[in-house]
Amino acid sequence: MEHLTGIFLRAVFVENLALAYFLGICTFLAVSKQVRTAVGLGTAVIVVQTVTVPLNNLLYHLFIADGAMAWAGLGHLDFSYLGLISYIGVIAATVQILEMVLQRYFPVLFQAMGIYLPLLTVNCAILGASLFIVQRDYNFTESLAYGVGVGSGWAIALITLAGLREKMKYSDIPEGLQGLGIVFMTAGLMSMAFISVAGFEF
Amino acid sequence: MDNDSPAKAILVVTITALVCSVLVSGAAVFLQPLQQAYADIERIRYIVQISGLVDSEAELSEFDIVSAYRDISLRLIDLESGSFDTDLDPQSFIDVSIENELQESVNIPAAQDTAALQSRPRWVAVYLVESDAELQRIIFPIYGRGMWSTIYGYLAIEGDLSTIAGVVFYEHGETPGIGDQIQRASWLAGWRGKRLYDEQRQLQFNIGTDSATSPAADYRVDGIAGATLTVNGVANMVRYWFGPHGYAPFMNQYLAELNL
Amino acid sequence: MISRLPQALVAPLIDENPITLHILGICSAVAITNSLYSALVMSAALTAVLCFSNVVISTIRHHLPHAVRIIVEVTVIASAVIVVDEMLQAFAPETSRILSVFVGLIITNCIVLGRAENFAAHNPAGVSFLDAVGNGLGFSLVLCTVATIRELFGTGGLLGWQIFPATDAGGWFEPNSLFLLPPSAFFIIGGIVWLIRSRKPQQREKAEFDIIASEPARSSRWST
């Protein structure tokens, strides 16, 4: 259990996908103008990560890893080169299905966050999380903890940045730094803050 | 055919899928032998580097590596019985990261799991360097959790099964410029001659500079300033693998055999 | 001489640099900019994928049904990335290990899909190829600049050569480890954006609110 908590906390703070690995920065910068929209996208990311990371873990261990298909008598086959395209396929399908389910059964929720879902198919952070669990060879429960962790971490970073940007709306920023420039500087400071947690033993 | 008809959509998708899969599979199959050979050479290079058969600091050509490797024997040890296993083929066990149907996974009790591995394999492939039927060195694979990633390495031990002859870390995902200093030749050279066990075969080895709790100089390697967490990971993994749940039972048994 | 090169090739370098103007494509690459060699390999990989996907999608653009357009584009890009990844593993295994997951992330790199969707789907193959090379170079320019600064101040060396002699080898340069950590990349890119926009006012974003100069304080209880 501590091990899983450790994975979760590390994924949120020290290995934050947006602030330590720069994944999903495009949407990160575009949507962080308002806290409300940030909360919407953040929730969508947490849901998609929690679903796709364990799914891709299963896919990896049952089909793609070297020798994984031993359960079907095909243990000599190595499909690891099909990994990338399989994961992106799973992610695209998950996002599509999630969108349809929301639209049909949870229309209020769909109104709140449905517009962000198509953006997530090509969000580096979603694919990145799946690639990391494959590289580190996590098992199912570890990847579940990791999926929730990275989603939450990305959402926390996004909402925090949105809050900061709302506060900075009234600041007198030099013209060349307006917009993109100051957001990067702020994100850099946030990144330092999140990494400073690295010294803790989880 | 009209671009928006379903038939056209299916046709385009099918053709794309076929062409792409041929392209991708072709590349994978064609390049696989090259990738495998390179991976093999890299692994053998690390073994040879710490085997004592070549100058560990020198630039080795592929010929040097392959010919030195001929004098190294690959053996399989069964950690459950603490002795060599002669039934299974060691070749299938050499890569710890590849799933092997024959391998058994043994859970590590939390109290002993200093390297944060959760489980370890039952059979491990080790490398023996012998000359005139006398054991010169034995090379063990070691791995464990660092700060960011799993660190993999090999540790070579002298024929007395206690003195460190050499060590190499060949894979890790630690912070470049900080954690990756564990691969620095000058630091690794400091491991040579240090001892793992004392006279009573108790594990004394540790890494660190805190003089209050650290062992005597014979059993201690200096830490790396600024890379504490990574270095702690390395210390923990060495202490796990050469502790009672790792290779120690095998080493004690083998030492008894050698001294007979 | 520069002005005579095709517009598609030159524009993405500074005027329409995909990273600094369109906020595209940095996601999957900045994490490896602590080494110039990794940045160069990553730039080459991305440019190769971009050229391949732009040319292929441009060639089949008249036959792409609307419903499956995006998924076909993603499939073509993913296939190109897998081939590049396999080749890196076969011919440069050490680098492949350092770049690890980030080569795979080229699939989701905004530049590749962005140019495929916005340019290659509507333009002939020739100019799409030039557009790909131009954007690839623009991306490489920013990435390699960041990597040069980070590696130089973080380790004192570049590409294996020690340029500033380090203190633990008897020199005067104390490597600044912050440059090897992620926050530095954010600051450096922010600085580059600031530099470009100070020289090219047309790229600046408008402020959301105008700051009006405040009126001088009226006499109050605290004034003398």
Side-chain angles (χ1 to χ4, degrees), chain A residues 16-30 33 81-89 91-92 118 121-132 134-135 169-195 198, chain C residues 20-31 33 70-71 74-75 77-79 81-83 85-86 89 100-110 112-114 178 181-201 203-209 211:
Chain A
N16 188 295
L17 289 189
L19 297 176
Y21 291 109
F22 304 95
L23 298 182
I25 286 288
C26 316
T27 14
F28 193 73
L29 297 173
K33 289 208 179 94
Y81 68 97
L82 288 179
L84 286 174
I85 194 147
S86 311
Y87 309 138
I88 196 103
I91 292 169
T121 313
V122 285
N123 186 322
C124 328
I126 316 283
L127 182 61
S130 295
L131 293 180
F132 276 127
V134 163
Q135 188 197 37
K169 264 198 290 209
Y170 308 108
S171 308
D172 186 13
I173 301 173
E175 277 187 38
L177 212 46
Q178 201 78 258
L180 191 58
I182 198 67
V183 171
F184 267 103
M185 298 298 186
T186 315
L189 291 170
M190 281 176 66
S191 175
M192 285 174 78
F194 274 55
I195 291 182
Chain C
T20 55
L21 180 65
H22 298 299
I23 323 174
L24 286 182
I26 33 168
C27 330
S28 41
V30 180
T33 49
I70 298 272
I71 198 72
V74 172
T75 309
I77 295 170
S79 308
V81 172
I82 294 179
V83 171
D85 192 20
E86 292 290 320
Q89 281 180 37
S100 66
V101 299
F102 294 100
V103 173
L105 288 175
I106 296 179
I107 298 179
T108 48
N109 187 304
C110 327
V112 184
L113 194 61
L178 180 64
L181 294 173
S184 60
F186 278 113
F187 296 136
I188 293 171
I189 294 180
I192 292 175
V193 169
W194 193 2
L195 205 69
I196 294 183
R197 293 187 180 186
S198 306
R199 301 290 306 278
K200 292 194 177 279
Q203 289 192 14
R204 294 180 196 169
E205 295 175 39
K206 261 202 69 54
E208 283 179 49
F209 298 94
I211 313 275

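Numbered from 1 within each chain, the chains take letters A, B, ... in sequence-line order. It should be emphasised that the depicted structure is a prediction, and the values quoted were computed from it without experimental measurement.
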If you tally heavy-atom pairs under 4.5 Å between each of A:Leu82, A:Leu23, A:Ile88, A:Ile182 and chain C, the highest tally belongs to A:Leu23

Under 4.5 Å to a heavy atom of chain A? For C:Ile107 that would be side chain

CH2 of C:Trp194 to CD1 of A:Ile173, rounded to nearest 0.5 Å, is 10.5 Å

Note: A:Gly188 and C:Phe186 closest approach over all heavy atoms is CA-CB, 3.4 Å

The interface call for A:Leu127 against chain C, heavy-atom contacts under 4.5 Å, is both

Distance col, row A:Ile126:CD1 vs C:Thr108:OG1, nearest 0.5 angstrom, shows 10.0 Å

Between A:Ser191 and C:Pro182 the two heavy atoms that sit nearest each other are OG-CB, 3.9 Å

Here the pair of heavy atoms bringing A:Gln178 nearest to C:Arg197 is O-NH1, 3.6 Å

Nearest heavy-atom approach of C:Phe187 to A:Met185 is CE2-O, 3.4 Å

In terms of heavy-atom contacts, A:Ile85 and C:Ala78 come closest through CD1-CB, 3.8 Å

Okay, A:Leu189 and chain C: the region with an atom under 4.5 Å from a heavy atom over there is both

Note: C:Gly104 and A:Leu84 closest approach over all heavy atoms is CA-CD2, 3.6 Å

Applying a strict 4.5 Å limit to non-hydrogen atoms, the region of A:Phe28 in contact with chain C is neither

